[in-house]
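A short worksheet on the structure shown next.
All chains are named by letter (A, B, ...) in the order of the sequence lines, taking the proteins before the strands, and each is independently numbered beginning at 1. Please read all numbers here as calculations on a predicted model, not as lab measurements.
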2 protein chains.
Amino acid sequence: MAVTDEAISKIKDMLIRGELKAGDRLPPEKELSERLGLSRSSLREAVKALELIRVLDVRRGDGTYVTSLDAKLLNEAVAFVVDLHQDRSILELFEVRRILEPATAHLAASKITPDELLALRRTMDGIDENTDVEELVAHDLEFHSIITEAAGNDYLGSLLEALSSSTVRARIWRGLTQEKAVAHTLAEHRAIADALERGDAELVRALVTVHISGVENWLRQAL
Amino acid sequence: MAVTDEAISKIKDMLIRGELKAGDRLPPEKELSERLGLSRSSLREAVKALELIRVLDVRRGDGTYVTSLDAKLLNEAVAFVVDLHQDRSILELFEVRRILEPATAHLAASKITPDELLALRRTMDGIDENTDVEELVAHDLEFHSIITEAAGNDYLGSLLEALSSSTVRARIWRGLTQEKAVAHTLAEHRAIADALERGDAELVRALVTVHISGVENWLRQAL
DNA sequence: ACATCAGCAGACATCCGATCAATCGTGGCT
DNA sequence: AGCCACGATTGATCGGATGTCTGCTGATGT
């Protein structure tokens, strides 16, 4: 194994064993490189790799720190990969989303708070046929992320966020090409919010499935 | 933006634009570094970062190549993150798995081939109460991965594989072996295989949900 | 004449150590 | 309180020594 890879797994081990915790500061590059038995240049390669997936946070002139190590890590890593696959296998990625999103909404149905329901309603204020595309995308993104948040599973949230970002473009296209899409989407969102309010988990799941599948089908035919 | 980060996104752009395709060989480090306007050392940091998430494949003495860029990318990236979170939020990760696995099996029910069914059966040969832990883990891994494979969505496969990494499985099995878990698990696996053979998608989903939840409950109580 | 194999040369990545620049945090000074 | 200089730390680059792979070439054996 290359020295750099060895350094990566050594740092990883220090994290798993709890030797390094979230927020901790690593020894200076020079010192750490000596302790791990490699040159500073090689160590920097390892640190850069861990920085890419947001495990480490390097602050110039200050030091290198361990990030919060929470579920957001998934987001960065997955988003990078999803970005690369934008035009290739977007339908397969959408299939994953179609599995996760209804299940997430189903979870959310029993946990969502009145405050979150209110926020959910508010995302729909001021949205109509005349709203411009960017605002529509922002609304859509927020609508789904409130529900995801309510489900209370951060990993689920990160995964969904990463999966959805790549579809933003698709949504924009859809908004541009289909005239009645706004009213249609809004009606579906209202129905989902209603069902969430009543705590009807099964209906929520079905509605979200239909909602996601609608976009998916449009996408399938547009490709 | 730092020189290295710039290099990362430039390479990423070359991939997205199709300037670089899967399997392509990158120019030598020296040449590429000159073209991107940075030093070789800095370029190497970028390359190392991209190698960690398996976008690039560096072959010493030969050259640097673009990997297949398929769904397996997700695996590496997610597995790394999951490894780091083993003791922390494993239950949340398990919840994601409990969503994905039944849905995957549901998909597989209508697509699985006779060959795959045969292979599924064969994983259970020679497994009984006396089988040692490592063999159990191998069987379990293979059983689930055949089903995932049959579902025909590589991203789903990568995610699931990463979520139920072999280290996690090993730990669970080690805890379970003392009890009657082997016979119990085997019976559940048989039932799932039977339902798959009959193409009863709904039953498959229910069985897998029960199967995964069983492990989850054990885990919840063991923590 | 042909096939085989060892060894050599070139291309390339690997690793290192040194050097200078940029930046940040701190502590002392006014 | 505000300012400034200093030390610590990362950022970036370079040149050189080394390990490793590939392909060619020439010698050897059949």
A/Glu34 atom CD is separated from D/dT9 atom P, nearest whole Å, by 12 Å
B/Leu43 CG to D/dT13 P, in whole Å, measures 10 Å
Distance col, row B/Leu136:CG vs B/Leu141:CG, nearest 0.5 angstrom, shows 12.0 Å
If you restrict it to nitrogen or oxygen atoms, what contacts under 3.5 Å exist between nucleotides 16-21 of chain D and the protein, and what is each distance?
from: D/dG19; atom 1: O4'; to: B/Arg60; atom 2: NH2; distance (Å): 3.2

Whole-Å distance, A/Glu45 CD to C/dA13 C1', equals 10 Å
B/Glu29 atom CD is separated from C/dC15 atom P, nearest whole Å, by 11 Å
Here the distance between atom P of D/dG11 and atom CD of A/Glu51, to the nearest Å, is 7 Å
Here the gap from B/Leu107 atom CG to B/Ile112 atom CD1, rounded to the nearest 0.5 Å, amounts to 12.0 Å
Considering only heavy side-chain atoms of B/Ser42, the closest of D/dT9, D/dT13, C/dC15 is D/dT13
Rounded to whole Å, CD1 of B/Ile8 lies from P of D/dA12 at a distance of 11 Å
Rounding to 0.5 Å, atoms CG (A/Leu120) and CZ (A/Arg122) come to a distance of 11.0 Å
Run the side-chain contact (heavy atoms from CB on, under 4.5 Å) test on A/Leu56 and A/Val66 for me, step by step, so that the C-alpha distance in whole Å, both residues' side-chain angles and the decisive distance to 0.1 Å come before the verdict. CA-CA 5 Å; A/Leu56 296 182; A/Val66 180; 4.2 Å; yes
Exercise for review: Kindly say whether, by distance alone, the side chain of B/Thr4 makes a donor-acceptor pair under 3.5 Å with the base of D/dG11?
Suggested key: no
- Query: Salt bridge check: are A/Lys48 and A/Glu51 linked by an N-O gap of less than 4.0 Å?
  - Reply: yes
Against the side chain of A/Arg25, the closest entry in D/dT9, C/dC15, C/dC16 is D/dT9
B/Arg59, CZ atom: more than 12 neighbouring heavy atoms under 6.0 Å: yes
> Can you tell me if the side-chain N/O atoms of A/Thr64 get under 4.0 Å from OP1 or OP2 in D/dT9?
Replying inline: no
Regarding the side chain of A/Val58, the nearest nucleotide among D/dT13, C/dA13, D/dG11 is D/dG11
Which word best sums up how the rings of A/His211 and A/His189 line up, parallel for under 30°, tilted for 30 to 60°, or perpendicular for over 60°?
perpendicular
Separation of D/dT10 atom C1' from A/Glu31 atom CD, nearest Å, is 15 Å
Between CZ of B/Arg44 and C1' of C/dC12 the distance, given in whole Å, is 11 Å
